[in-house]
Structure formats: C-alpha cells, structure tokens
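To keep things clear, I will list the structure first and then write my remarks on it.
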Amino acid sequence: MASLDPSLNIAAANADFFRQFARSSTDICGRSIYDFLHPSARSVLPRHFTRLSDGQRARFVERVVAMPVADRVFSAEMTGVAVCGEGDGLTGIVVMVSPDEEAPDNQDAACLPKPLLTPLDARILEGVATGTSTVQLAARLYLSRQGVEYHVGLMLRRLKAPNRAALVSRAYSKGILTVGNWPPRVLPEFVKK
C-alpha cells in the first residue's frame with residue numbers, strides 16, 4: 001500500500017510495497033507511481049485518477065503490469081481510493097498493489113523481454129491483434145502470403161504460443177501491445193532498432 005499526493009507522487013508506503021518493488025523508501029518516496037509501472041499504464045490509469053480527483057468516483061480497480069526493477073515485471077491488481085479532507089477536496093490517493101500468484105510453469109513472464117520484434121514483426125503483430133487476415137496483411141506490407149505466415153510462425157515460437165489468439169494474448173500479458181486504445185500498437189521498447 002502506498003499513499004500518493006494529488007500529483008501522483010508517492011508520499012509514503014508500507015513495508016510490503018517496498019518489498020514488492022524491491023526498493024528502499026528513499027528510492028520510492030517522492031517519485032511518480034508511473035515510474036514503477038509498465039508504460040502501458042499511462043494509457044489507462046490517468047482516466048481513473050482524474051475521476052478520483054474530480055469526485056466522480058471514490059475508488060477504482062485496474063489490472064497493471066508493475067516494474068520493480070529494470071529487467072523484472074509482475075502483473076497485479078491495483079486499487080485506488082480517494083482520500084478527501086475538509087470540504088471534500090482531494091488530499092491524496094491510497095493505492096494497493098496485489099500481485100498475481102505466478103504459476104510455476106510461467107517463470108518466463110517474470111522477465112521483461114528485451115526488444116525481440118523487428119519493425120516488420122511489430123506491424124504484423126499489430127495486424128494480427130486487429131483481426132486483419134493474412135491476405136490483407138500481405139497486400140498492405142508488400143509481402144507474399146507465405147512471408148506473413150513465416151513471420152507469424154517466428155513470433156509464435158518466440159512467445160511460445162500455439163496459435164494466433166494465444167500470440168495476441170501473450171503479447172498483451174507481457175505488455176508488448178498497448179492497453180486501453182484501438183488499434184493496438186507494439187510499444188517501441190519491444191522493437192529492435
């Protein structure tokens with residue numbers, strides 16, 4: 001649990017929060033909550049925080065991907081609760097981060113993947129995520145149908161997915177695809193330069 005000031009900087013936190021994020025109080029306090037979340041959180045959480053500050057809601061619950069250190073991530077449920085002072089003005093927000101239980105066979109989800117997609121792979125993954133057919137992707141990207149299938153097959157193996165639906169699900173769960181907007185886009189940090 002952590003207490004945020006109205007500008008979403010962490011004012012204080014309990015020992016569990018420090019342990020979850022593998023950092024000391026001096027490393028955490030005074031920094032934005034977004035510094036400890038996957039970049040995809042910036043597309044979803046501002047709406048919730050705005051509703052809390054405007055008084056439209058008293059609390060929210062949202063799925064997030066937390067980043068305790070640079071090469072580790074964990075998925076969690078974040079609950080935010082508005083703290084109001086005299087005159088019903090927002091004085092802060094309390095957030096609780098409840099990590100998911102990791103399955104023993106899902107150890108690869110704990111590591112943030114290094115850039116593993118080429119720019120072409122990223123465009124193909126975005127197309128697969130929007131439901132674009134192989135023929136449409138081939139025409140759009142000036143490839144043959146077999147060329148698209150080749151790149152999809154490579155991504156299926158890299159992400160250990162048995163089919164296209166699982167590929168998209170794994171890409172979302174690893175934070176590769178943006179959350180909360182359409183059409184989905186591959187985040188730049190997952191694309192090789």
Side-chain angles (χ1 to χ4, degrees), residues 1-104 106-117 159 169-181 184-193:
M1 181 168 45
S3 174
L4 309 180
D5 63 23
S7 60
L8 305 180
N9 292 323
I10 300 170
N14 66 5
D16 284 340
F17 191 86
F18 297 133
R19 187 172 48 257
Q20 285 171 350
F21 287 91
R23 295 177 187 241
S24 67
S25 62
T26 56
D27 291 337
I28 288 181
C29 293
R31 293 180 59 188
S32 170
I33 187 67
Y34 291 117
D35 291 346
F36 305 99
L37 301 175
H38 189 272
S40 62
R42 290 186 185 271
S43 65
V44 177
L45 291 179
R47 178 180 71 239
H48 293 300
F49 287 128
T50 300
R51 288 179 181 157
L52 290 180
S53 63
D54 291 348
Q56 295 175 3
R57 292 227 171 136
R59 67 188 295 270
F60 72 84
V61 177
E62 184 64 61
R63 305 282 317 147
V64 296
V65 176
M67 298 175 56
V69 291
D71 62 343
R72 304 269 304 158
V73 298
F74 64 88
S75 60
E77 181 177 88
M78 176 184 276
T79 303
V81 180
V83 178
C84 298
E86 293 182 26
D88 293 332
L90 183 75
T91 58
I93 298 169
V94 173
V95 292
M96 293 161 277
V97 179
S98 304
D100 296 339
E101 295 298 323
E102 286 292 325
N106 196 15
Q107 295 302 321
D108 63 325
C111 293
L112 182 64
K114 303 295 181 222
L116 53 91
L117 300 175
L159 294 177
S169 293
R170 295 224 178 174
Y172 273 115
S173 72
K174 289 180 175 283
I176 295 171
L177 290 169
T178 57
V179 177
N181 55 15
R185 295 285 176 229
V186 171
L187 292 169
E189 56 266 25
F190 292 95
V191 180
K192 296 175 185 175
K193 304 242 187 260

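Count residues from 1 along the sequence.
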Could you pull out the closest heavy-atom pair between [X] and [Y], with the gap in Å?
| X | Y | result |
| --- | --- | --- |
| Ile10 | Ala2 | CG2-CB, 4.2 Å |
| Ala12 | Cys29 | CA-SG, 4.1 Å |
| His38 | Gly175 | CE1-O, 2.9 Å |
| Tyr172 | Pro184 | OH-CB, 3.2 Å |
| Arg57 | Leu52 | O-CD2, 3.5 Å |
| Arg59 | Thr79 | NH2-CG2, 3.4 Å |

Do [X] and [Y] have side-chain heavy atoms sitting under 4.5 Å apart?
| X | Y | result |
| --- | --- | --- |
| Ile93 | Ile33 | no |
| Phe190 | Lys174 | no |
| Glu77 | Arg63 | yes |
| Val94 | Leu4 | no |

Using atom types as modelled and distance alone, determine if a side-chain donor or acceptor of [X] lies under 3.5 Å from a backbone N or O of [Y].
| X | Y | answer |
| --- | --- | --- |
| Asn14 | Met1 | yes |
| Asp5 | Ser7 | yes |
| Ser3 | Ala11 | no |
| Gln20 | Val97 | yes |

Query raised in the report: Can you tell me how far CG of Leu8 sits from CG of Asp35, rounded to the nearest 0.5 angstrom?
Result: 11.0 Å
Query raised in the report: Rounded to the nearest 0.5 Å, what separation is found between the CD1 atom of Ile28 and the CG atom of Asn9?
Result: 13.0 Å
Report task. Please work out which of the three classes, parallel, tilted or perpendicular, describes the rings of Phe74 and Phe21, given edges at 30° and 60°. Result -> tilted
